[in-house]
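Written out below as structure tokens is the structure these notes cover.
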Amino acid sequence: MLLSELREHVLQANLELVRRGLVLYTFGNASGISRADGLVVIKPSGVPYEELKPEHMVITDLDGKIVEGNLRPSSDLPTHLVLYKAFSSIGGISHTHSEFAVAWAQAGRPIPCLGTTHADYFHGSVPVTEQLTSEEISSDYEKNTGHAIVRAFAELDAAAIPAVLVRSHASFTWGADPAAAAHNSVILEAVARMAYYTAGLVLKLEAIPSSLHDKHFLRKHGVKRYYGQESK
Ligand SMILES: [Zn+2]
């Protein structure tokens, strides 16, 4: 079996989304990529999570051709592939319909950075894509969803803001590997919930000062990061 370790990591990332309450039924999907092999491992479409096993994961090339697996891959595979091609530093992608992130996506509003929880993970507002046109929806819908995400990042750094809201749909997040991508989905949902509550308390949302935003993001992710323990 190809890529047995990555299969397990992708399975665990998918299960983490369920454990954290981000997924209803079979909604949601996580994937991972082996850059060395040019192969993507993704959850199969529509299989109940409690039955998922590493061997059910589907392996495709970057054009979506199935290399190993008997099940159909997640229908969102083309979105994942566009993102892997466009964002060369990422190793995993996660997509859920978690409710507070969806609320912002449905409102068509980026999530502003209102506090340090957001600043720890996302170095800027979490952007929202433009609405897809009817042409983009009627053909290659999932691929065009990926292109809309890439357009939303034309002026942004996907490594510094590992999340996006797809207009009227839901979030995609990414990271260095499948576990990091799923982790970012969990954090995004928490940040979306906090921002939603804050929006109910004030007339006008105010982003935190950029000095505080930078402090929190860079102490965790910057060249001179000092948050947490040294990795070996
Ligand atoms: Zn979706």
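When a residue number appears, it is its place in the shown sequence, counting from 1. When reading the values below, keep in mind they use all heavy atoms of this one structure, side chains included, and skip hydrogens, waters and symmetry mates.
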Less than 4.5 Å apart, side chain to side chain, heavy atoms only: is that true for Ser171 and Thr96? yes
Check for me, please, whether Ile66 and Leu81 land in the same ILVMFWY cluster - side-chain distances under 4.5 Å, paths through other members count. yes
Taking CZ in Arg20 as the centre, count heavy atoms belonging to other residues, nucleotides or ligands within less than 6.0 Å. Is the count above 12? no
Between Asn14 and Tyr49, is the side chain to side chain contact (heavy atoms under 4.5 Å, CB included) condition met? List the steps. CA-CA 8 Å; Asn14 278 287; Tyr49 282 83; 3.9 Å; yes
Single hit among Val67, Leu6, Val58 for side-chain contact (heavy atoms from CB on, under 4.5 Å) with Val41: Leu6
Note: Ile90 and Arg35 closest approach over all heavy atoms is O-NH2, 2.8 Å
For Met57, run the side-chain contact (heavy atoms from CB on, under 4.5 Å) check against Leu2, Leu52, Val40 and tell me which one passes. Leu52
Taking the side chain as every heavy atom from C-beta outward, state whether Leu39 and Ile33 have any atom pair closer than 4.5 Å. no
Derivation and outcome, side chain to side chain contact (heavy atoms under 4.5 Å, CB included), residues Leu188 and Ile111: CA-CA 9 Å; Leu188 176 69; Ile111 306 175; 4.0 Å; yes
Donor on one side chain, acceptor on other, Asn184 and Thr173, under 3.5 Å: no
Any side-chain heavy-atom pair from Val126 and His118 closer than 4.5 angstrom? yes
In short, Phe27 meets His97 closest at the heavy-atom pair CD2-ND1, 4.2 Å
Output, in order, the C-alpha distance, side-chain angles, deciding distance and verdict of side chain to side chain contact (heavy atoms under 4.5 Å, CB included) for Val191 and Tyr121. CA-CA 10 Å; Val191 162; Tyr121 282 86; over 6 Å; no
Glu99 atom CD, over 12 foreign heavy atoms within 6.0 Å: no
Same apolar cluster (I L V M F W Y, side chains within < 4.5 Å links), Tyr25/Leu17: no
Ring geometry between Tyr84 and His80 (parallel below 30°, tilted from 30 to 60°, perpendicular above 60°): tilted
For Lys215, does the NZ atom sit with more than 12 other heavy atoms under 6.0 Å from it, leaving out its own atoms? no
Does CZ belonging to Arg72 count more than 12 external heavy atoms closer than 6.0 Å? no
Please answer: with hydrophobic residues joined when any side-chain heavy atoms are less than 4.5 Å apart, are Val150 and Leu62 in the same cluster? yes
Could you label the plane-to-plane angle of the Phe87 and Trp174 rings as parallel, tilted or perpendicular, counting under 30° as parallel and over 60° as perpendicular? tilted
Do the side chains of Glu136 and Arg151 get close enough for a salt bridge, i.e. N-O under 4.0 angstrom? yes
Side-chain contact test, heavy atoms from C-beta onward, threshold under 4.5 Å: evaluate it for Val82 versus Glu142 and give yes or no. no
Heavy-atom check, side chain of His216 versus side chain of Thr117, under 4.5 Å: no
Any heavy-atom pair between the side chains of Ile161 and Pro127 that's under 4.5 Å? yes
Does the side chain to side chain contact (heavy atoms under 4.5 Å, CB included) test come out yes or no for Thr129 and His147, once each step is laid out? CA-CA 10 Å; Thr129 67; His147 290 313; over 6 Å; no
Do Gln12 and Glu8 meet the criterion of a side-chain donor-acceptor pair at a distance under 3.5 Å? yes
With a 4.5 Å limit on heavy-atom distance, are the side chains of Val186 and Leu22 in contact? yes
Answer yes or no: does atom CD of Glu130 have more than 12 heavy-atom neighbours from other residues, nucleotides or ligands under 6.0 Å? no
Are Leu77 and Thr60 close enough that some pair of their side-chain heavy atoms sits under 4.5 Å apart? yes
In terms of heavy-atom contacts, does CD of Gln131 have more than 12 from other residues, nucleotides or ligands at under 6.0 Å? yes
Is it the case that the side chains of His221 and Asp120 hold a donor-acceptor pair, with the cut-off being a distance below 3.5 Å and no angle test? no
Ion pair check, Asp76 and Lys43, cut-off under 4.0 Å: no
Using a cut-off of 6.0 Å, state whether more than 12 heavy atoms not belonging to Arg109 lie near its atom CZ. no
Evaluate the ring planes of His95 and Phe172, with Trp represented by its six-membered ring, and classify them as parallel (under 30°), tilted (30 to 60°) or perpendicular (over 60°). parallel
Please say yes or no: joined through hydrophobic side-chain contacts below 4.5 Å, possibly via intermediate residues, are Leu83 and Leu156 part of one cluster? yes
Between the OG atom in Ser45 and the CG atom in Asn29, the distance rounded to the nearest 0.5 Å is 8.5 Å
Applying the 4.5 Å side-chain criterion to the ILVMFWY set and letting contacts propagate, would Tyr197 and Val102 be lumped into a single cluster? no
